[in-house]
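Letters A, B, ... are given to chains in the order of the sequence lines, protein chains preceding strands, and every chain is numbered from 1.
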Amino acid sequence: MPSLANFVTHKEGRFSVHVLATDKFRTRHLALKLSRPVQRETVTESAMLPYLWMEGTAQHPSALEITRYADELFGASVRTFINKRGNRHVLEVQASAPEEGTVTGAKEVIEKLEDLLLQIASDPALGDRGFLPEHVERERGLHERRIQSVFDDKITYAMERCLEEMCQGQPEGLARLGYIEDLRKVDKDRLWQVYQEILATCDVHMYVVGHVQDVQATLQRMMGKLHQAFGQGNAPDTKPVRALAIRNGDTREVVESESVQQGKLNLGFRTGVSYGDAEYLPLLVANGILGGFPHSKLFMNVREKASLAYYASSRLDGLTGIVAVQTGIEVGNKAQAYDIILRQVEALKAGDVTDEELDFTLRGLRNQYRQVLDQPMSLTEIHFSGVLAGIHRSVEDLLDQISAVGKEDVVRAAQTLELDTVYFLNNQEVNASA
Amino acid sequence: MREISYDRLHQTLIQDKLDNGLVVYLLPKPGFQQTFATFTTRYGSIDRTFKLQGAAEPTTVPDGIAHFLEHKMFEKEHGDVFPEFAKHGASANAFTTFDLTTYLFSCTDDVAKNTEVLLDFVQDPWFSERSVEKEKGIIGQEIRMYDDNPDWLVFFNLLQAMYKEHPVQVPIAGTVESIAKIDPDTLYQCHKTFYHPSNMVFFAVGGFEPKAMLQWIRENQAKKQFGPAPVVERIFPEEPPQVDAPEVTAKLGVSQPRCFIGWKDAKTGLTGPEQLEQEILTGVLLDALFGRSSDFYHRLIDENLIDQNFSWEYECAPTYGYSVVGGNTPNPQRLVQTVQTLLTEAQQRGVSEEDFERSRRKAIGRFITSVDNPNYVARAFVSYALRGADMFETADVLERITLEQANQRLREHFVPEQRSVSMVLPK
């Protein structure tokens, strides 16, 4: 296989620029990530900010002017959002546009797009003191609906509720978007205060993927722009993100009732293993055998054999080390589905793994990682997981390390799964204490 | 075999039509790791009633059968097809729409073997009473999952309001009641009728070697006997141009209402380049009117009538077509009134040259960046190809359409008799 593309990084204090030069795509991709600890006191403000940014910059002082300007840059797509990765809150702006030379008349589009991205995060439209009140008011209303919308997608809602219950009292359990009850006390001064604190202290990561002719020059140019946008600031004492520790005590059982046609059963397991650990790749393979693919135990047993569900899968969150199982079932089949799911986990732990299951899973995972090489934004996400976990693994490393995983490694890694929380969303009225 | 070069996109497409009628398109992408391959039949949820040449009577099949067939193709007498792909590191999937069924894989290894698995499993049906009964439980849960989804409900209710007879209004997976009627015989019959190679398209995009790929496909197909292509008349009921109902409301356990406003297209029956042009023209018009850069969008946001999930869509097929705008709203009735007032004003005044040019420019840029995404290219290319259009002409069409055409379309398409409204309200 030809050598796979890698990011080149330039780091100064809390600022990092990561550049991946490739001529495979007709599109330039940019991403700016501001990372900070997620905290109960500021989670809602911090979550609102990326959306508030799109209300206007000093140069383009309204949402309409920002989007019209982006359209001028050959339909550049510019989006902001909030992400939660382990115990970190990541405020993010992404942009993509056709590379210069792919469209007639596209000159300096990329430099303009870089500037727009930085202005959105660091140079907002301002009033007398801080944000414009009308921008804050509009965004407060929109953010309330953004939070409410999670409830309307019952698959996402059930997963979020399961994780929230599972990580009660820990930053990992805080809602990514924050809380409706906080919105009442969010005003422009409060937002401005949190925003200033973030600008001055967060870790700043800028990603560039595309036809970069001179990587060093791009690193220098972007670093200069970051300093201009965010000032100075020492490297914060950012600790690598670690997995949630195994919790002592009984499994939590949570049952909720809503008006739904289909019950949602979610099981959360803690493992104590995360992206930075040597055991991560064996655990990734174990999760793949359990529920990552259509050949996996959950799909084969819950869906194909028992005909109980349309979807039945598991996923490993690399930063928290949580393995989360999800399925949608007839409410009356909960006990049967629960039983089948637990039996699959027990089988995995007992070493009941066929050569085929292992082989298919290794191939499937390698296929996923190789495909990532065709997906610029996924490449940045994998790189950024390494940044957060404090370990650098190139896609090549990941492919090699997956290939080296054997059955005994899988079975050993599977022993780390501890059932923490069982969440069931049904359509029957239940006692609050049930 | 012929090669078509799209110079400005730096893409070269290879096209071939095999002796059995199968049309093959290959789009090599040097440097790409993955190969994304699709095998598609022109057969979807709307193909409910059809008449085979020589048959006395037309046949009507249960709703949801095209989708059911898609599920059941993955099971064979010797077991499941997924492990066959997994053995060669491929990720396989399938989907059914109103007018097509696509089987696909993506892989980074063993491309020849995966191509063979794809061609073979789609052309080799095997159904049993037991496996068909078992699938009813699985698809039943798929239907239940959609039943809880407000975006799905508001959309299908809108189609049911717009269409009186046309089967585009029928949910693609059918209903628990309709799929109960499906049996192996009907599945075999639908496969025989619609899965002949002359009714199918193979499309692959990615880092494969196109000459070799074409050779594998030719050899694979040459080994099989298909018999003459069935002559099938697809029968669609007479559909009045007006909508069936102006308004429909449902209730669901959600936090906020959803509201979709749809305009049934009176101008259907287009195929080929005309269809592509109508789709692109209407898309640019809808973006100029309702997109993120439009005055409308920001007025609706300012009046707290929409949020950022507000969107537009236009679908244009030979026997149906519609535009939809909408999303979450605290006040569906006011949203409908406001959109109508804004539209009426726009119809009188016309879309401005500035707005039209901005949307055109944006659409060109978005199209060029979309060509980087194999999954998107495969889906879009095949969908257009089956309607006789070439998606790689999108940029040329975008440069050709005029403001006058857009304004004419604005006045013709968005008329009150063609409009339906669908609302989903919190319980």
Side-chain angles (χ1 to χ4, degrees), chain A residues 22-27 51 62-64 67-68 70-77 96-98 102-103 138 141-142 145-146 148-149 151-155 258-262 293-295 300 303-304 307-311 328-330 356 359-361 363-364 366-368 370-371 373-374 376, chain B residues 8-10 29 31-34 80 82-83 86-92 106-109 134-139 141-142 144-145 147-150 206-207 252-256 292-293 295 297-298 301-302 304 307-309 328 330 358-359 361-366 368-369 371-372 374 427:
Chain A
T22 166
D23 50 13
K24 225 161 97 172
F25 309 110
R26 317 287 300 154
T27 312
Y51 304 101
S62 70
L64 183 59
T67 48
R68 286 195 175 170
D71 287 354
E72 294 298 316
L73 303 177
F74 284 87
S77 156
S96 50
T102 60
V103 280
R138 184 165 39 227
L142 288 168
R145 285 151 72 177
R146 203 170 283 129
Q148 285 174 338
S149 289
F151 174 75
D152 294 351
D153 174 354
K154 295 298 186 287
I155 296 173
E258 293 292 346
S259 160
V260 286
Q261 292 285 325
Q262 185 179 63
F293 299 93
H295 66 257
M300 292 309 289
R303 172 171 152 147
E304 293 300 308
S307 195
L308 290 180
Y310 172 63
Y311 65 92
I329 52 171
E330 206 66 55
E356 277 204 336
D359 179 52
F360 292 0
T361 302
R363 285 173 185 274
R366 284 198 301 257
N367 183 42
Q368 285 175 2
R370 278 195 218 107
Q371 293 201 14
L373 295 166
D374 300 338
Chain B
R8 50 192 293 185
L9 295 170
H10 299 264
K29 280 200 173 285
F32 271 61
Q33 298 285 322
Q34 68 169 310
D80 218 78
F82 284 114
K87 197 184 289 178
H88 302 285
S91 159
S106 63
C107 73
T108 48
D109 253 342
K134 188 201 76 185
E135 205 65 28
K136 290 176 183 173
I138 296 170
I139 296 179
Q141 286 309 314
E142 186 179 0
R144 288 280 172 262
M145 178 181 82
D147 286 344
D148 282 330
N149 184 326
L252 201 66
V254 289
S255 66
Q256 53 193 324
R292 293 289 162 107
S293 303
D295 290 322
Y297 177 84
H298 291 273
I301 287 269
D302 289 347
N304 191 30
D307 63 25
Q308 279 117 345
N309 97 334
N328 302 332
R358 190 176 44 243
S359 289
R361 190 179 166 96
K362 171 176 159 189
I364 292 173
R366 292 287 165 94
I368 287 166
T369 58
V371 178
D372 274 348
K427 262 190 183 159

Chain A contacts, top residue of [options] (heavy-atom pairs, under 4.5 Å):
options	result
B:Thr369, B:Ile138, B:Val254	B:Ile138
B:Gly253, B:Ser255, B:Gly137	B:Ser255
B:Glu142, B:Lys29, B:Lys362	B:Glu142
B:Pro150, B:Ser106, B:Ser91, B:Ala92	B:Ser106
B:Arg144, B:Glu135, B:Lys136	B:Arg144
B:Ser359, B:Pro330, B:Ala90	B:Pro330

I need the minimum non-hydrogen distance between [X] and [Y], along with the two atoms involved.
X	Y	value
A:Phe293	A:Thr361	CE1-CG2, 3.9 Å
A:Met300	A:Pro294	SD-O, 3.5 Å
B:Tyr297	B:Asp307	OH-O, 4.3 Å
A:Gln262	B:Asp148	N-OD2, 2.9 Å

Which region of [X], side chain (C-beta onward) or backbone (N, CA, C, O), has a non-hydrogen atom less than 4.5 Å from a non-hydrogen atom of chain B, or is it both or neither?
X	result
A:Ile155	side chain
A:Ala76	backbone
A:Ala63	both
A:Leu142	side chain
A:Ser96	neither
A:Gln148	both
A:Arg138	side chain
A:Lys154	side chain
A:Tyr311	side chain
A:Glu304	both
A:Ser149	both

With only heavy atoms counted, which part of [X] is less than 4.5 Å from chain A, the side chain, the backbone, both or neither?
X	value
B:Pro374	neither
B:Phe82	side chain
B:Asp295	both
B:Leu9	backbone
B:Lys427	side chain
B:Ala363	neither

Is it the case that the side chain of B:Arg361 and the backbone of A:Glu72 share a donor-acceptor pair, with hydrogens and angles ignored and the cut-off at 3.5 Å?
yes

Is it the case that the side chain of B:Asp147 and the backbone of A:Gln261 share a donor-acceptor pair, with hydrogens and angles ignored and the cut-off at 3.5 Å?
no

To the nearest 0.5 Å, what is the distance between CD (B:Gln256) and CZ (A:Arg145)?
6.0 Å

What distance separates A:Leu373 CG from B:Gln34 CD, expressed to the nearest 0.5 Å?
10.0 Å

Heavy-atom pairs under 4.5 Å with chain B are the metric here; pick the option from A:Ser307, A:Ser77, A:Gly328 that has the most.
A:Ser307

Please assess A:Arg370 against B:Asp109 for the test salt bridge (charged side-chain N to carboxylate O under 4.0 Å, His left out), listing each intermediate value before the final yes or no.
CA-CA 10 Å; A:Arg370 278 195 218 107; B:Asp109 253 342; 3.5 Å; yes

Using a 4.5 Å cut-off on heavy atoms from C-beta on, say whether the side chain of B:Asn309 contacts that of A:Arg146.
no

Distance only, no hydrogens: is a donor on one side chain within 3.5 Å (strictly under) of an acceptor on the other, for A:Gln371 and B:Thr108?
no

Please check if any side-chain donor atom of A:Arg303 sits under 3.5 Å from a side-chain acceptor atom of B:Gln141, or the reverse.
no

When you check the gap from the basic side-chain N to the acidic O, do A:Arg68 and A:Asp71 get nearer than 4.0 Å?
no

Looking at A:Arg363 and A:Asp359, is there a salt bridge between them, counting it only when a charged N and a carboxylate O are closer than 4.0 Å?
yes

